[in-house]
Amino acid sequence: MPIDPNSIEAISDALPDSTKELLFNPTADAVGKGIGGILYWLFQKPIKLGIIKQSQFESLANKSARELQKIPIEKRTDSKKDLMIKTLESAQYSINSETLQDCFAYLLGQTANKDTVHEVLPVFSTILSNMTTEDALFLKIFSEQGTITLPVAKFEAHVNQFSSSEADSQKQSTTRQLTKETLIYKNHETNEFTLSNPNKQFSFFQSFGILELLETEYYIADTPAYEYYKKIVEPKTKEIFDKTIRDGVSMLYSIQLVPGSVKLTELGVSFINCIIP
C-alpha cells in the first residue's frame, strides 16, 4: 500500500528541516528515504493510538538523522534493510529512555554504513531491546576506560571451626563469601576510584555471551584498584563478620581479598562498538 504523504507530514511536521531533508523529503537519498519509511510504517499507528508520544518519535527520528548525516553519501548502504527494520522495531520498546534511544540510533547508523555493517548482527537489537538505561551506562564504562577488562574483587572468610568433647575432637574448614563481586574503575572527572555492585549486569550480559566474569584472573596494573577496595571495604566487612560469630564457638579465620576481572568477549567488543556512541 502506498504511503500517504499527508500522513507523513502529520507525524513529521514538527521535525527540524535537517531531519526532514534526510529522512522524509523527496530529495532524501535512497538510504534516508528507506529509514524514513520504516519510521513512518512502525510509528504512525502507535502515535495515533497514543501508545508512543509524538515527542518520543521526534527524538528518535532526530537522533537517527544525525547518525545518518555523519556517514558520507558514498559510504551509505541499505543492504541490510531487514536489520534496519528490526532495530527500529526494537527501539519502540525502549522509547522512554533517551540513553537507549542514543544506542538504537547509533546501531542504525552502523547498519547504514558500508564500513561497519558487516559487524552488525541480528542479535544486537534483541539484546539492546532487553536492556535498561543502567545496563547501557554499565557498558559505557568499558568504552570510557578504553579497555576490554576491568578489575573486580570480593572478600571471603576462610574459617577453621573446632569442636571438642570427651568422645570427639575435629576441625571443620569452610569458605564463606562475605561480599558480592564489586567493580572497580577510575572516574575520569575526579581521577578517583569508584566502587559499584552491578551484579544484575554481570548476570544479564553473561547470559548473552557479552562478557565473562573471571574470579581468579587479574593484572598487576590493577593493584592500586584492589588496594583501594581493600582499604575501603575490609574494615566494615570484618566488623560485620565478627558479629556473626556465636559466643562459645572456637574458631580461627582469615578474611582474604579475592581479585578478579570482568572481560568483554569478542562478541561483546563488537556489540559495544555498534551501540555505544
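Numbering of residues begins at 1 and proceeds along the displayed sequence.
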Problem set entry | Evaluation steps, side chain to side chain donor-acceptor pair (under 3.5 Å), between Thr99 and Asp102 | CA-CA 5 Å; Thr99 299; Asp102 291 339; 5.3 Å; no
For this session: Assess whether salt bridge (charged side-chain N to carboxylate O under 4.0 Å, His left out) is satisfied between Glu98 and Lys63, documenting all intermediate values.
Result: CA-CA 10 Å; Glu98 291 283 343; Lys63 291 174 179 179; 2.5 Å; yes
Exercise. Passes ring pair (Phe, Tyr, Trp, His ring centres under 6.0 Å), Tyr253 versus Phe241? Steps please.
Worked result: CA-CA 10 Å; Tyr253 72 87; Phe241 182 70; 4.8 Å; yes
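Checking side-chain atoms of Ser203 against main-chain N and O of Asn199 turns up a donor-acceptor pair under 3.5 Å. A donor-acceptor pair under 3.5 Å is absent between the side-chain atoms of Tyr228 and the main chain of Ile184, judged by distance alone. Checking side-chain atoms of Asn25 against main-chain N and O of Ala28 turns up no donor-acceptor pair under 3.5 Å. Side chain of Asn187 to backbone of Thr190: a donor-acceptor contact under 3.5 angstrom is found. The backbone N or O of Val262 lies less than 3.5 Å from no partner atom in the side chain of Thr149, so there is not a single donor-acceptor pair. Side-chain atoms of Arg76 come within 3.5 Å of backbone N or O of Ile71 as a donor-acceptor pair. Not one N or O on the side chain of Ser94 forms a donor-acceptor pair closer than 3.5 Å with the backbone of Ala91. No donor-acceptor pair closer than 3.5 Å links the side chain of Ser59 to the backbone N or O of Ser55. Remark: side-chain polar atoms of Ser207 are paired, donor with acceptor, to backbone N or O of Phe204 under 3.5 angstrom. At least one donor-acceptor pair closer than 3.5 Å links the side chain of Gln101 to the backbone N or O of Ile95.
For the residue pair Tyr229/Thr179, the side-chain donor-acceptor check at 3.5 Å is satisfied. Looking at Asn197 and Glu181, their side chains never bring a donor and an acceptor atom within 3.5 Å of each other.
We find that Lys238 and Asp242 are joined by a salt bridge, their nearest charged nitrogen and carboxylate oxygen being less than 4.0 Å apart. The existence of a salt bridge linking Lys231 and Glu227 is excluded, since no basic side-chain nitrogen approaches an acidic carboxylate oxygen closer than 4.0 Å.
Side-chain contact check for Val152 versus Lys154: every heavy-atom pair is 4.5 Å or farther apart. Counting heavy atoms from C-beta outward, Thr116 and Asn113 have side chains that approach closer than 4.5 Å. Inter-residue side-chain proximity for Leu213 and Lys263 is flagged as unmet; no heavy-atom pair is nearer than 4.5 Å. The side-chain heavy atoms of Ser261 and Leu150, taken from C-beta on, include no pair separated by under 4.5 Å. Residues Val31 and Thr77 have side chains not in contact (no heavy-atom distance under 4.5 Å, counting atoms from C-beta outward). At a threshold of 4.5 Å between non-hydrogen side-chain atoms, the residues Phe124 and Ser270 count as touching.
Between Glu144 and His188 the shortest heavy-atom distance is O-NE2, 3.0 Å. Considering all non-hydrogen atoms of both residues, Tyr106 and Asn273 come closest at CE2-O, 3.3 Å. Taking each heavy atom of Phe142 and Ile148 in turn, the nearest pair found is CE2-O, 3.8 Å. Taking every heavy atom of both residues into account, Gln110 and Cys274 meet most closely at CG-O, 3.6 Å. Minimum heavy-atom separation, Leu68 to Gly32: CD2-CA, 3.7 Å. The two residues Ala136 and Cys103 come nearest to each other via the heavy atoms CB-SG, 4.2 Å.
Within a 6.0 Å radius of NZ in Lys33, more than 12 heavy atoms belonging to other residues, nucleotides or ligands are found. Atom CD of Glu74 has more than 12 heavy atoms from other residues, nucleotides or ligands within 6.0 Å.
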